[in-house]
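What follows is a short report on a single structure.
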Amino acid sequence: MSIPESHYLSPVWRDGLFKDRVVFVTGGAGTICSMQTRALVRLGANACIIGRSEGKTEEAARDIAKVRPGAKVIGIGGCDVRKMESLQAAADRCARELGSIDFVIAGAAGNFIVSLDGMSSNAFKSVMDIDVLGTFNTIKATIPHLLKSSSPRIIYVSATFHYTGMPLQAHVSAAKAAVDSLMASVALEYGPRGVQSNVISPGAIEETEGTARLVSLDETVLARYAAKIPSGRLGTVRDVADATVFLFSEAGTYINGQVIPVDGAAWRRQGAS
Ligand code: HXC
């Protein structure tokens, strides 16, 4: 089923905005990252998406490529961000086959809902490894290529849990706090060499796996949560894709080292009655 453009992109951006740009996306077959990629490709970029599942990643790449005639989208499955060698090989292949890496979206993440009582040391470590070590590896693998670009930019897909802490998400909260911190160090160390490094922190976004898991626990939870969001609704994949387009466009050039929640101010109400 084809996805209408209005689902992932507002009608305000200029065609060809990202012509000749190449984006490298970890977790690129996931709900949020595939829509971010789709928006960038629709506006002229070529893309390389990587993921652990071969079938899912390659199918997502084929689907994304359909949004623009002539688009080149490579899907590299079987690539685990915890393994530096496979990530490096993917980044090198992206630069070799598509000519450069200008933008990076560090989106690979692991998550499951579990209490601290039920969380083993290895369960905690698995999420820390995917989210934190995986993000570090993504930077290490792509930075040599980014430094050759005239417009090197990185977006990390984080969360808002860790601003307050979150029951059943202790592992993800800890991991995303570390991702935000890594983002800031990258901005400080590589900013002088032209690299822009920012976090986008989605709130509860319709359609995602995380939201579906919450609903599976309690189908009233989402409506109750949405009712408390100051902007009056859940987020959409388009909200996140539009923020991504803005940050990667010339309009976002001077925004660096920032955490940008795309959550309708929900985190400011977290815990509020
Ligand atoms: C308790 C669990 C568990 C669960 C796994 N574990 N699932 N513990 N409850 N539901 C434990 C296992 O028992 C094991 O510990 C340890 O975690 C590692 O499990 P593996 O299956 O061996 O790990 P691995 O194959 O590396 O898989 C990683 C994973 C998995 C994170 C556990 O869920 C995964 O592959 N996730 C990727 C897809 C995903 O989660 N996408 C959602 C991203 S959304 P023991 O002690 O038994 O060895 C997202 C959004 C966050 O991240 C923010 C939202 C706003």
Side-chain angles (χ1 to χ4, degrees), residues 25-37 49-57 60 77-84 86-87 105-135 137-138 155-180 182-183 199-217 221-222 225-226 228-229 234-237 239-241 243-244 259-270:
V25 187
T26 69
T31 312
I32 290 179
C33 294
S34 68
M35 293 300 162
Q36 291 171 295
T37 310
I49 66 171
I50 71 152
R52 268 196 292 163
S53 155
E54 295 195 3
K56 191 177 164 193
T57 307
C79 182
D80 189 328
V81 291
R82 292 171 285 192
K83 307 247 166 60
M84 185 61 197
S86 70
L87 195 53
I105 297 176
N111 193 9
F112 42 84
I113 293 173
V114 64
S115 66
L116 279 163
D117 275 347
M119 191 184 306
S120 69
S121 172
N122 192 43
F124 182 83
K125 182 176 182 300
S126 297
V127 170
M128 291 298 282
D129 281 355
I130 296 170
D131 291 20
V132 187
L133 180 64
T135 298
N137 287 345
T138 301
I155 287 173
Y156 313 76
V157 181
S158 185
T160 59
F161 299 154
H162 50 294
Y163 307 162
T164 53
M166 183 61 74
L168 313 181
Q169 292 282 272
H171 46 347
V172 181
S173 292
K176 295 302 192 181
V179 167
D180 288 5
L182 252 177
M183 171 282 292
V199 154
I200 286 180
S201 304
I205 302 293
E206 288 170 0
E207 296 174 48
T208 59
E209 222 176 291
T211 304
R213 279 182 201 152
L214 271 180
V215 174
S216 74
L217 287 182
V221 72
L222 217 51
Y225 179 84
K228 280 210 234 170
I229 298 172
L234 293 172
T236 64
V237 288
D239 292 321
V240 181
T244 303
V259 172
I260 300 169
V262 178
D263 76 334
W267 81 263
R268 295 188 179 280
R269 289 294 304 270
Q270 265 172 35

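Indexing begins at 1, ligand by ligand and atom by atom, following the structure's order. Basis for what follows: all heavy atoms, side chains included, without hydrogens, waters or symmetry-related copies.
- Of the listed residues (T26, T244, I32, I49), just one forms a side-chain contact (heavy atoms from CB on, under 4.5 Å) with I105, and that residue is T244.
- The only member of V259, D263, V179 that meets side-chain contact (heavy atoms from CB on, under 4.5 Å) when paired with S201 is V259.
- Not counting sequence neighbours, E207 has no partner by the salt bridge (charged side-chain N to carboxylate O under 4.0 Å, His left out) test.
- Looking only at side-chain heavy atoms (C-beta outward), T211 and E206 stay at 4.5 Å or farther from each other.
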Steps toward side-chain contact (heavy atoms from CB on, under 4.5 Å) verdict (I113, L168)
CA-CA 5 Å; I113 293 173; L168 313 181; 3.6 Å; yes
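- Note that CG of D129 is 11.0 Å distant from OG1 of T135, once rounded to the nearest 0.5 Å.
- The 4.0 Å heavy-atom shell around ligand 1 contains residues R52, R82, A109, G110, N111, F112, V114, S120, N122, A123, S126, I130, A159, F161, V172, E209, R213, ordered by chain and number.
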